[in-house]
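Shown next, in structure tokens, is the structure this report addresses.
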2 protein chains.
Amino acid sequence: MSNFEALFDYIQEISGKLLSEDDKHLLMEHFKPKKLRKRQYFLQEGDVCKYIGFIVKGSARTFTVDEKGHEHILKLSLENWWLADFESFYLLTPSRFNIEALENLEVLQSTNAQIEEYLKHIPAFSAMANVISQNYTIANQKRMQAAMSYTAEERYEDLISNYPQFLQRFPQNMIASYLGLSPETLSRIRKNALK
Amino acid sequence: MSNFEALFDYIQEISGKLLSEDDKHLLMEHFKPKKLRKRQYFLQEGDVCKYIGFIVKGSARTFTVDEKGHEHILKLSLENWWLADFESFYLLTPSRFNIEALENLEVLQSTNAQIEEYLKHIPAFSAMANVISQNYTIANQKRMQAAMSYTAEERYEDLISNYPQFLQRFPQNMIASYLGLSPETLSRIRKNALK
DNA sequence: CGATTAACTTGATCTGGGTCAAGACCATGA
DNA sequence: TCATGGTCTTGACCCAGATCAAGTTAATCG
């Protein structure tokens with residue numbers, strides 16, 4: 001119940017449109033609540049990402065494991081973010097990513113086919129999708145630029161100003177991996193920053 | 001005339017839908033042909049990106065200049081690609097990027113307001129926009145992963161298999177910058193690859 | 001065409017950040 | 001309660017790739 005309120009609020013806020021009662025019923029019919037305990041996987045490498053999840057509560061990380069066994073975190077996700085490997089979700093190919101709950105996680109999940117229906121029938125939903133797609137494009141552009149032109153220190157400063165919540169919610173080694181750094185290097189950067 | 005054929009073909013191919021004669025007239029009415037000579041700028045840092053361009057012929061690079069004066073290429077673009085800093089284009093903020101023609105360039109350009117109209121009135125156009133947005137999201141995910149987990153050599157191999165045309169069309173120092181490498185390093189990688 | 005400038009190569013050296021190792025500082029739960 | 005395993009810090013060392021320098025090849029243009 002209250003789970004869905006979070007989703008409704010989110011859609012209305014991002015899209016700038018209201019959901020009708022019918023819209024809400026349609027959403028409740030096909031978004032399924034799912035709970036994961038800390039360390040459980042929402043998606044495993046090699047599987048097809050059949051579901052997209054809306055995070056109601058908790059946090060997660062999307063990461064790969066390279067052939068040397070090192071993990072690389074590509075995304076850290078909190079409440080009101082969407083959880084999926086979009087490549088696998090759209091194309092139905094096996095995913096190269098893992099998505100793991102970092103805290104106990106409550107999501108509302110749906111399939112690609114169902115999302116298509118929402119896009120067709122719920123104007124607020126498709127308006128939201130357009131806004132999100134813009135935001136993603138912008139965020140990706142920024143992150144790519146940061147990865148290419150910034151030093152480790154600058155990337156950390158950038159994170160502090162753009163995503164201050166991350167520092168409260170994620171352990172430091174996860175943040176290091178997200179920034180493309182070893183935990184030791186991030187530790188030293190933080191030490192230096194207390195000049 | 002033939003310029004527009006390239007755009008029409010592209011929209012129809014990507015969207016999987018046909019354009020009506022009315023659709024085509026609407027597109028021809030508001031997409032303006034523009035020619036740039038090699039080294040001319042489509043967009044300069046600090047300006048708002050008012051136009052999005054569809055490349056009919058030629059190539060371009062999107063890059064930033066950091067405070068040390070070093071250039072970083074974020075995107076290399078060829079025929080049938082779209083040219084814009086989407087952050088600036090969507091939000092009307094001053095751009096942090098430069099877009100420069102690397103060869104004589106012919107584009108068809110349009111404004112954000114006009115694109116909104118196309119999205120509303122031309123089904124093939126909005127279907128195309130959805131597909132592109134998916135493709136961008138996927139490509140960005142891949143590129144980010146490559147930047148984080150791959151070595152210089154692996155990134156170059158990756159480029160060869162994903163964008164072999166780049167090697168014909170772009171000078172090596174541009175490719176180096178696109179891969180986040182110094183020209184010297186790329187030169188050495190290529191030398192080694194001829195084992 | 002030469003001549004000038006840009007692109008590419010090769011070598012020598014330097015450095016940001018990774019790796020390895022060891023210890024300190026926790027949470028969590030049996 | 002203390003034992004266990006995860007997280008963070010610190011130091012010593014190392015390496016992929018950058019930087020600097022100089023020479024070579026290839027475009028470009030009057």
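First the proteins, then the strands, lettered A, B, ... as listed; each starts at 1.
- For the pair A/Met148 CE and C/dG16 C1', the interatomic distance rounds to 17 Å; values are reported in whole Å.
- Following rounding to the nearest Å, B/Arg61 (CZ) and C/dA7 (C1') show an atom-to-atom distance of 14 Å.
- Checking C/dT10, C/dT19, D/dC8 against the side-chain heavy atoms of A/Pro171 singles out D/dC8 as nearest.
- Residues satisfying the salt bridge (charged side-chain N to carboxylate O under 4.0 Å, His left out) criterion with B/Glu117, sequence neighbours excluded, are B/Lys120.
- A/Glu184 contributes no side-chain N or O that forms a donor-acceptor pair with the base of D/dC8 under 3.5 Å.
- Taking the six-membered ring where the residue is Trp, the centroids of B/Tyr10 and B/Phe54 are separated by under 6.0 Å.
- Taking 4.0 Å as the cut-off between side-chain N and carboxylate O, B/Lys38 and B/Glu103 do not count as a salt-bridged pair.
- In the set C/dG11, D/dT9, C/dA7, D/dT9 carries the atom at the smallest distance from any side-chain atom of A/Gln172.
- Under the 6.0 Å cut-off for aromatic ring centres, B/Phe42 and B/Phe97 do not qualify, their centroids lying 6.0 Å or more apart.
- Note: A/Tyr163 and A/Phe166 have parallel aromatic rings, judged against thresholds of 30 and 60 degrees for the angle between ring planes.
- Aromatic ring orientation, B/Phe125 versus B/Tyr118: tilted (interplanar angle from 30° to 60°).
- Rounded to an integer number of Å, the gap from A/Glu103 CD to C/dT28 C1' is 16 Å.
- At whole-Å resolution of the value, CG in B/Leu102 and C1' in C/dA6 are 14 Å apart.
- Taking atom CE of residue B/Met174 and atom C1' of nucleotide C/dA7, one finds them 10 Å apart after rounding to whole Å.
- Applying the 6.0 Å contact sphere to CD of A/Glu13 captures no more than 12 heavy atoms from other residues, nucleotides or ligands.
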Please list, pair by pair, any protein nitrogen or oxygen found under 3.5 Å from a nitrogen or oxygen in nucleotides 28-30 of chain D.
from   : atom 1 : to      : atom 2 : distance (Å)
D/dT28 : OP1    : B/Lys38 : NZ     : 3.4

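- B/Met174 contributes atom CE, which lies 13.0 Å from atom CG of B/Leu186 (distance to the nearest 0.5 angstrom).
- Contact check, B/Lys191 against C/dT9: no side-chain N or O comes under 4.0 Å of OP1 or OP2.
- Computed from coordinates, the B/Asn192 CG to C/dG11 P distance equals 11 Å when rounded to whole Å.
- If you measure from atom CG of A/Asn173 to atom P of D/dT9, you get 10 Å, rounded to the nearest angstrom.
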Nucleotide N/O of nucleotides 12-17 of chain D paired with protein N/O under 3.5 Å:
from   : atom 1 : to       : atom 2 : distance (Å)
D/dG17 : OP1    : B/Ala152 : N      : 2.9

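- Cation-pi geometry between A/Arg143 and A/Tyr178 is met: the NZ or CZ atom falls under 6.0 Å from the ring centre, inside 45° of the normal.
- Following rounding to the nearest Å, A/Phe170 (CZ) and D/dT7 (P) show an atom-to-atom distance of 14 Å.
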